[in-house]
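Shown next, in structure tokens, is the structure this report addresses.
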Amino acid sequence: MVKRMADITHWADVVADEVLQKGKKHLVATGITPSGHIHIGNMREVVTADVAYRALLDKGAQAEFIYIADTYDPLRKVYPFLDESYAQHVGKPLSEIPCPCGEHKSYSEHFLEPFLVALEHLGIRPRVYRADELYKQGLYTDAIKTALVKKDEIAAILQKVSGKTPAEDWSPYNPVCNVCGKINTTHVTGFDLDAETVDYTCSCGDQGTVSMKGGGKLTWRVDWPARWKALGVTVEPFGKDHASRGGSYDTGRALAKEIFEYEAPFPIVYEWIMLGKEGAMSSSTGVVVSISDMLKVVPPEVLRYLIIRTKPEKHIKFDPAQPLLNLVDEFERIHSMDEPGSYESRLIGLSHAAGICHTDIPFKHMTTIYQAAGGDFDRIMNIVSRSGYNTDNEKCIKELADNVGNWLEMYAPPFAKFSVKGELPVQAASLSDAQRAFLSSFADILAGSGELSGEDYHNMIYSAKDPGSELHIMMANTSGVDPVEMTVEPKDLFKAIYTSVLGQQSGPKAGWFLSSLEKDFLIERFRKAANYRP
RNA sequence: GGGCUCGUAGCUCAGUCAGGCAGAGCGUCUGGCUUUUAACCAGACGGCCUAGGGUUCAAAUCCCUACGAGCUCGCCA
């Protein structure tokens, strides 16, 4: 049987079907460490989880979706975007470090808050947990006790599965030092199951005791399976870095089964998002596009579409320059299909974000409207209505215009840009005599006309071909040629217009473009161009 | 070195799980829209499905091998 697009099952539904064979009740979990700006590579994890969650709900599962911010992880190093004063905080949990801008409760909140705002825009609404709070509330206490008691067993499993031998003084638990506040400089020396405390020594010289509630954290490979059990996680997407053999999913699965007696969640392994030609997105190489930057440029639905149209295990090439326009076009095309197939409908459904309005103006077209109007919103609205678009939803048009304006400024390739030059462009020097005759005649006619519509301009330019037209006769007179003998190529006239206004050979549809500019400005500009002989 | 994933039109990718005529969008070209101008509409061009072997009536799809690309593997997400 031939497979059509309509027969294709979206991967999220494939995942949901598979997961449902294990039960009706599910918890989809996702987690990211807010140690720096959360970029659109990280976003893949959350969007992937969200569509798996939606697919489960659609199939009648009893599903929940949580996001755990790993706020209790230590700061690994002084990242390039931090100042030197952060050296003293390396090794402390992110939730216990001061905010870089001073306006948030902590370092982790500084990066987490804009991310949570972005999630809201994307229509992603998980229950949000912060790891530091979970530890402080005692959610992990049972797991900590188990891990401390079964330390040697855990070490043996890690050794067997990952092939790495834990150090002699290894502990699954890392206390936070009472004195220096660091979590990666301590060694466990004992523990008390009844008092729920752990004793430690720290390389800063301190030795002391901490509570299992918030006094420290399980090491990552143990933390993960402990979390699965404590929260009841059954589905979790994670980057391929965790997926390799002997990696943290492998060890987590083994620990979950043998230590915590819990079945590891269904894994959804996803690939990285590659940025243009620059390779994988990564904060350390500086190859990063932040989510908030992207939301300035495209509607959230397009961002979701970018991610969900590709299976998780395939990498996504993403280029915010010209290829982004194709992405937007493609989304708009599917979105406005009269009779979408079931697969297209599914894509649109899964792309749906929150309360997003939609206009019938293509993004690409708005890039020319926006530039013709010089970014002025009143003039944009003028052009929009003159072009026959629906102007009822001004707010949506404003959103689109803002997106386009940001895109032009941040990512647009040079050939997509043009600007109405404030002064006569020097390229006007190359105009031919015939083009000059056109410009001066055109200006004279404009000076004697009332307001002209785009179509009027359009027709008038083409009338130059017609030997009987006013424009044609004036051009002939100016050139001192017999009107009947003179032939006119409209193409050259357009070039003359673009050259004198934009300083380039081509441009947007001339009719409505000219009608969006001030007539007096055009008259003056065309006359100047006609007479410009440097 | 071990492992994972990918390789399909100029570009971005569906289709591979479940074998049944090689697909879409973009780009290009041609034509249309009473007048080619970054809009819109129609059509065309475009392929050794990375290579080689195997299974099969039938393979892009399953199996093996090679090649190419990317990633991952030090308690470090």
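Hydrogens, waters and symmetry mates are skipped; everything else that's a heavy atom, side chains included, is used. Residue numbers begin at 1 in each chain, while the letters A, B, ... track the order of the sequences.
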Length of the line joining A:D17:CG and B:C17:C1', which is rounded to integer Å:
12 Å

In this structure, how many angstroms lie between the P atom of B:C4 and the CG atom of A:D250, rounded?
11 Å

When you get a sec, tell me which of B:U12, B:A77, B:U36 is the closest nucleotide to the side chain of A:Y462?
B:U36

Is B:A18 paired to anything, Watson-Crick or G-U wobble with both distances less than 3.5 Å, and if yes, which nucleotide?
none

Can you identify which nucleotide, out of B:U5, B:A38, B:C76, has its nearest atom closest to the A:Q504 side chain?
B:A38

A:H458 side chain, from C-beta outward: closest of B:A77, B:G70, B:U35
B:U35

How far, in whole Å, is B:C57 from B:A14 if one measures between their C1' atoms?
28 Å

For B:A14, does either OP1 or OP2 sit under 4.0 Å from a side-chain N or O belonging to A:K314?
yes

At 4.0 Å (heavy atoms only), tell me whether A:D329 reaches a base, stays on the sugar-phosphate, or touches nothing.
nothing

Output the single nucleotide from B:A77, B:C17, B:C71 whose closest atom is nearest the side chain of A:R76.
B:A77

Mind checking the C1' distance from B:G10 to B:U61? Whole angstroms is fine.
25 Å

When both distances are under 3.5 Å in a Watson-Crick or G-U wobble arrangement, the nucleotide paired with B:C62 is B:G54

Side-chain contact check for A:R309: nearest option of B:G70, B:C6, B:U12 is B:U12

Examine B:G3: is either OP1 or OP2 under 4.0 Å from a nitrogen or oxygen in the side chain of A:K240? Give yes or no.
no

Do NZ/NE/NH1/NH2 and the carboxylate oxygens of A:R309 and A:E330 come within less than 4.0 Å?
yes

Kindly indicate whether the side chain of A:W272 and the base of B:C71 share any N or O donor-acceptor pair separated by less than 3.5 Å?
no

Atom NZ of A:K311 and atom P of B:C4: how far apart are they, to the nearest Å?
17 Å

With P as the reference atom in both, quote the distance from B:C62 to B:U8 in angstrom, rounded to an integer.
16 Å

Among the nucleotides B:C75, B:C6, B:U72, whichever has the atom closest to the side chain of A:K164 is B:C75

Gap in Å between the two P atoms, one belonging to B:A58 and one to B:C67, rounded
29 Å

Using a 4.0 Å heavy-atom cut-off across all strands, classify A:T219 as base, sugar-phosphate, or nothing.
base

Has the side chain of A:D241 got a donor or acceptor that lies under 3.5 Å from a partner of the other kind on the base of B:A77?
no

Looking at residues at least two apart in the chain, or sitting in another chain, which of them share a ring-ring contact (aromatic ring centres under 6.0 Å, His included) with A:F418?
A:F513

Side chain of A:K317 only, please: which of B:A77, B:C71, B:C13 is the nearest?
B:C13

